Amino acid sequence: MKRLYKITALFFAVCIAAAPIFAIDGGGSIAAGIDLQLPIKLPTSPISVKNFERLEFYLQQNMDKAGNYNFYLDTSYLFLFSGDFSKSSKKTFIKNIVDIDQLNFSFLFPLSNQKNLSFIFGRFPVVDYTNTILKQKIDGAKVGIDFQTWQANFTLGYTGLLNTYTNPLYAVPMKYSNPVYVLSPAFITMNADANFYVGKYSHRLGFEFMSFFQPKLSPGYQMYFTAFAGGQIIPRLVFDLSTTLTVRKFRTNTRTQVGGLLIGDLTYYFKPLNASVGFRALYASGANPSNGEGSFVGFSRLPLSKISGIVPSDVVSFGLSGSLKPIEDLHLKFTTDLYLKGSKPTTGEKVFSGFQWGFNLDYILMQSFYLNFELGHFIGEKGRGAFLGSLKLMLTF
């Protein structure tokens with residue numbers, strides 16, 4: 001924790017020293033939300049209520065006249081309340097979380113013919129191509145190359161200074177000693193990706209390699225290799241395919257684990273009302289009892305279902321979605337998803353894992369007020385499940 005304070009103080013000192021020379025831009029947001037989850041045909045399960053209030057501030061400073069060199073700081077305070085209420089008991093939990101969401105310097109070096117070289121170091125967000133394996137912040141450096149017809153990125157980072165409350169991983173801390181800021185498990189990450197545009201419709205082809213090593217474990221690593229392709233089949237009909245192979249091992253006395261992830265998307269866009277209809281199929285491998293290999297597991301913990309908590313591991317899912325924008329600042333979306341077990345069921349297990357439908361409304365008023373309303377219903381075996389209602393409001397300034 002002391003090391004984090006020293007790094008933070010150094011960044012602030014540099015920013016303050018340069019503040020009188022260059023223009024500073026700042027702002028923030030105030031957000032609040034509530035989730036209500038009601039169990040269905042589960043008499044012993046409680047009613048779950050979650051509430052949050054979030055205050056966020058950002059500061060951006062140009063360090064050159066062209067605006068190619070920038071400093072960015074984003075901090076937040078989050079109040080969380082969760083409660084489980086049943087006829088016989090009441091359990092409530094409160095958390096006050098302070099975080100540095102971003103703290104970085106970025107540099108853009110224009111080359112000839114709209115070719116660019118970019119560089120960023122500090123704390124910044126990262127997300128993998130599938131949006132399923134890695135989605136969080138990271139401390140480190142990233143180099144990007146953009147040559148129009150192809151791009152490449154290289155990232156080197158560290159996770160041990162992040163707040164685990166806002167960056168949930170499958171790996172969890174040994175203990176949660178601090179209610180405000182708990183350091184995440186320490187991984188060194190080295191990632192690289194590249195993509196190319198080819199053909200009449202500029203189809204996108206590429207690969208992504210991600211590796212995570214735990215310095216205190218020997219061995220202790222997770223590696224992911226993704227190949228992907230996407231683009232138009234015909235005008236307004238877009239496909240996206242990706243396949244991922246993962247290899248992981250922790251400690252010498254454990255077996256090397258191998259898993260796979262396959263995702264396919266097909267979306268058609270309509271001109272009227274900016275509407276679209278989409279289909280998604282996802283397969284995340286399950287455990288193989290014959291050789292002891294484990295299920296596919298991502299790095300960041302990213303559930304597929306907000307209601308049931310189903311994660312992309314040992315699951316097959318099929319989803320249909322539709323969206324439209326009847327006016328510029330109003331977006332409506334409806335989804336249905338079927339979840340099946342990814343591996344062969346053992347005695348007593350079922351192939352069917354659940355069915356879910358959801359409705360989502362996003363509305364922006366006067367560019368500063370944002371409203372999100374969400375309804376969903378998860379139906380499991382014999383009709384058991386849960387109903388979710390969610391409301392979020394945000395004001396930016």
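Quick caveat, the model's predicted, so the values are computed rather than measured.
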Check your understanding: Under 6.0 Å between the ring centres of His377 and Phe359?
Key -> no

Check your understanding: With ring centroids as reference points, do Phe187 and Phe299 lie under 6.0 angstrom apart?
Key -> yes

Anything under 3.5 Å between a donor and an acceptor, one on a side chain of residues 325-337, the other on a protein residue two or more places apart or in another chain? List them.
unit_1: Lys325; atom_1: NZ; unit_2: Glu328; atom_2: O; d: 3.2

Review point. If you measure only the distance, is there a donor-acceptor pair under 3.5 Å linking the side chains of Asn62 and Tyr69?
Key: no

Review point. Just checking, any donor-acceptor pair under 3.5 angstrom between side chains of Asn116 and Asp146?
Key: no

Which atom pairs, donor and acceptor, lie under 3.5 Å between side-chain atoms of residues 270-278 and protein residues at least two apart or in another chain?
unit_1: Ser276; atom_1: OG; unit_2: Ser323; atom_2: OG; d: 2.7

Practice item. Answer yes if the side chains of Asp25 and Tyr72 hold a donor-acceptor pair under 3.5 Å, and no otherwise. Key: no

Review point. Are any non-hydrogen side-chain atoms of Met190 and Phe213 less than 4.5 angstrom apart?
Key: yes

Practice item. List in chain and number order the residues that pass salt bridge (charged side-chain N to carboxylate O under 4.0 Å, His left out) with Arg54, two or more places apart in sequence or in another chain; answer none if no residue qualifies. Key: Glu56, Asp101

Study note, to complete from the structure: The side chain to side chain donor-acceptor pair (under 3.5 Å) partners of Ser308 (sequence neighbours excluded) come to Ser305

Check your understanding: Other than Leu205, which residues form its hydrophobic cluster under the rule that side-chain heavy atoms must be closer than 4.5 Å?
Key -> Val198

**Study point:** Other residues, nucleotides, ligands: >12 heavy atoms within 6.0 Å of Lys135 NZ
**Key:** no

Exercise for review: Compute whether any side-chain donor of one residue and acceptor of the other, for Asp99 and Ser76, lie under 3.5 angstrom apart.
Suggested key: no

Tell me which donor-acceptor pairs under 3.5 Å the side chains of residues 81-96 have, and how far apart each pair is, sequence neighbours excluded?
unit_1: Ser86; atom_1: OG; unit_2: Ser89; atom_2: N; d: 3.2
unit_1: Ser86; atom_1: OG; unit_2: Ser89; atom_2: O; d: 3.3
unit_1: Ser86; atom_1: OG; unit_2: Ser89; atom_2: OG; d: 3.0
unit_1: Asn96; atom_1: OD1; unit_2: Tyr77; atom_2: OH; d: 2.5

